[in-house]
Amino acid sequence: MSEKYDSPLELKRFTSKEEFDLLDKRDWELVAHYADNTGGEAKGYYQAIDLPPYIPGPLYVLELWRDVLGGRGVIYLTCGASRQPMPNAPHETRIELMTYAREPNIKIATFLAGLGMYPFKYNTFLDFNHTMEFPDGKGIIDNSPLTAAIFVPPFIEAKSKELRTMKFKDGSHAHILWYLPVYPAERHYFKTNGGKLFTKFAENGVDIADYFRRPVDTAL
């Protein structure tokens with residue numbers, strides 16, 4: 001994928017039963033998949049509004065609360081990014097996206113929805129082990145030093161194997177990509193050393209849901 005990314009977008013939070021009725025059977029299949037395999041409690045539903053005509057909408061973001069790495073946290077997950085295969089993707093790949101945060105933050109939810117649009121906006125695709133870096137050295141959250149990211153399977157969940165792939169009743173399936181914000185140096189280390197980055201995280205007690213965490217030493 002392109003190593004730079006920007007995507008202005010606006011989300012609207014669901015406030016009425018009529019808005020929940022907008023979700024179709026396929027959406028509810030995905031919501032159930034998320035709930036069953038994360039154990040999270042749904043606290044918010046958002047819809048991306050005024051999508052461009054080339055985006056296969058509608059596109060939603062779910063906010064689930066649960067214990068994340070020893071403390072209460074939030075999981076944001078897209079719903080609808082997989083309505084169509086991504087352009088130029090091998091094997092007509094479809095994706096949904098997820099990320100963790102220590103506290104609820106609408107900027108994170110909005111950004112994740114933007115990532116769901118990214119392949120269709122730029123005629124490309126996202127996949128496991130892809131990486132990215134933000135323009136102008138700015139992260140999602142103001143003053144966050146995590147200005148790069150990697151995409152990996154959601155392997156820290158108890159049911160990670162089940163969560164990783166969503167099989168829909170219509171015969172299609174989608175990969176669930178975990179968007180993990182990192183320091184630029186950590187991104188470069190991951191591109192060379194892969195999963196060894198997570199060994200460093202574990203050795204240093206890194207809270208990967210903290211957008212203001214300290215970096216790990218990637219020089220060793």
Side-chain angles (χ1 to χ4, degrees), residues 1 7 9 11-66 68 74-100 108-130 151-180:
M1 64 170 290
S7 181
L9 188 69
L11 295 187
K12 177 184 177 183
R13 188 183 183 100
F14 283 16
T15 57
S16 67
K17 179 181 180 299
E18 288 72 22
E19 289 170 312
F20 282 98
D21 289 341
L22 295 174
L23 275 72
D24 62 20
K25 292 182 179 180
R26 192 175 190 278
D27 296 327
W28 286 117
E29 288 179 39
L30 186 56
V31 171
H33 177 77
Y34 287 153
D36 290 346
N37 293 297
T38 66
E41 178 184 2
K43 291 290 187 178
Y45 288 77
Y46 301 87
Q47 182 178 7
I49 61 176
D50 298 328
L51 290 178
Y54 53 82
I55 302 299
L59 178 61
Y60 308 103
V61 176
L62 280 62
E63 178 184 300
L64 304 182
W65 290 15
R66 55 150 290 177
V68 175
V74 180
I75 311 174
Y76 288 108
L77 309 106
T78 60
C79 179
S82 63
R83 295 189 194 282
Q84 292 183 17
M86 293 176 291
N88 299 314
H91 312 298
E92 296 190 341
T93 305
R94 304 169 189 247
I95 61 163
E96 298 288 347
L97 297 140
M98 63 171 288
T99 195
Y100 298 93
I108 299 174
T110 302
F111 180 81
L112 201 66
L115 278 181
M117 294 172 45
Y118 180 92
F120 303 96
K121 182 177 181 178
Y122 293 104
N123 199 39
T124 187
F125 66 97
L126 298 172
D127 207 347
F128 297 124
N129 299 320
H130 281 192
F151 295 87
V152 292
F155 60 80
I156 69 170
E157 293 293 332
K159 295 185 177 180
S160 297
K161 185 176 181 180
E162 292 84 353
L163 177 60
R164 176 175 177 166
T165 303
M166 171 64 201
K167 297 180 179 179
F168 293 97
K169 292 180 180 179
D170 65 6
S172 65
H173 71 277
H175 297 310
I176 313 299
L177 273 60
W178 172 18
Y179 160 81
L180 176 61

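Sequential numbering from 1 along the given sequence is applied to the chain's residues.
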Self-check item: CD-CD1 distance between Glu63 and Ile108, expressed to the nearest 0.5 angstrom
Solution: 9.5 Å
Quiz item: For the residue pair Ile176 and Leu163, what are the closest heavy atoms and their distance?
Solution: CG1-O, 2.9 Å
Self-check item: Spatial distance of atom CG (Leu115) from atom CD1 (Ile95) [nearest 0.5 Å]
Solution: 8.0 Å
Quiz item: Is there side-chain contact between Gln47 and Pro58, with at least one heavy-atom pair below 4.5 Å?
Solution: yes
Quiz prompt | Close side-chain approach of Tyr60 to Leu22, heavy-atom, < 4.5 Å | solution = yes
Quiz prompt | Closest approach of Arg13 to Lys43 (non-hydrogen atoms, all atoms of both residues) | solution = NH2-O, 2.6 Å
Exercise. Any ring pair (Phe, Tyr, Trp, His ring centres under 6.0 Å) involving residues 15-39? Give me the pairs, sequence neighbours left out, ordered by first then second residue.
Key: Phe14-Phe20, Phe20-Tyr45
Quiz prompt | Least distance between heavy atoms, Phe120 atom then Ala81 atom | solution = CE1-O, 3.8 Å
Practice problem: Kindly give the heavy-atom pair with the smallest separation between Asn123 and Pro87, and that separation in Å. | Solution: OD1-CB, 3.0 Å
Quiz prompt | Given Gln84, Arg26, Lys167, the one that forms side chain to side chain donor-acceptor pair (under 3.5 Å) with Ser172 | solution = Arg26
Practice problem: Over all heavy atoms of both residues, which pair between Leu59 and Met117 is shortest? Give the atoms and the distance, please. | Solution: CD2-CG, 3.9 Å
Practice problem: Check the pair Met166 / Arg94 against side-chain contact (heavy atoms from CB on, under 4.5 Å), numbers first and verdict last. | Solution: CA-CA 10 Å; Met166 171 64 201; Arg94 304 169 189 247; over 6 Å; no
Practice problem: List in chain and number order the residues that pass ring-ring contact (aromatic ring centres under 6.0 Å, His included) with Tyr76, two or more places apart in sequence or in another chain; answer none if no residue qualifies. | Solution: none
Quiz item: Do Leu177 and Phe128 have side-chain heavy atoms sitting under 4.5 Å apart?
Solution: yes
Practice problem: Please tell me if the side chains of Leu97 and Tyr118 come closer than 4.5 Å, counting only heavy atoms from C-beta onward. | Solution: no
Quiz prompt | Distance, nearest 0.5 Å, that separates SG of Cys79 from CG of Leu30 | solution = 4.5 Å
Quiz item: Hey, does the side chain of Asn88 reach the backbone of Phe125 with a donor-acceptor pair shorter than 3.5 angstrom?
Solution: no
Quiz item: Closest heavy-atom contact between Ala113 and Val61?
Solution: CB-CG2, 3.7 Å
Quiz item: Measuring from Thr93:OG1 to Leu126:CG, what's the distance to the nearest 0.5 Å?
Solution: 10.5 Å
Quiz prompt | Inter-residue atom distance Tyr46.OH - Leu62.CG, 0.5 Å rounding | solution = 10.5 Å
Quiz item: Would you say the side-chain atoms of Arg66 pair up with the backbone N or O of Thr38, donor to acceptor, closer than 3.5 Å?
Solution: yes
Quiz prompt | Sidechain N-carboxylate O distance under 4.0 Å for Asp27, Arg83 | solution = yes
Practice problem: Taking Thr99 for its side chain and Tyr179 for its backbone only, find out whether a donor-acceptor pair lies under 3.5 Å. | Solution: yes
Exercise. Report the C-alpha separation of Leu77 and Glu96 in whole Å, then their side-chain angles, then the decisive distance to 0.1 Å, and conclude whether the side-chain contact (heavy atoms from CB on, under 4.5 Å) test is met.
Key: CA-CA 7 Å; Leu77 309 106; Glu96 298 288 347; over 6 Å; no
Practice problem: Rounded to the nearest 0.5 Å, what's the gap from CG on Asp170 to NZ on Lys25? Could you check? | Solution: 12.0 Å
Practice problem: Just jot down the salt bridge (Lys or Arg N to Asp or Glu O under 4.0 Å) partners of Glu92, sequence neighbours excluded, or say none. | Solution: none
Quiz item: Which word best sums up how the rings of His173 and His175 line up, parallel for under 30°, tilted for 30 to 60°, or perpendicular for over 60°?
Solution: perpendicular
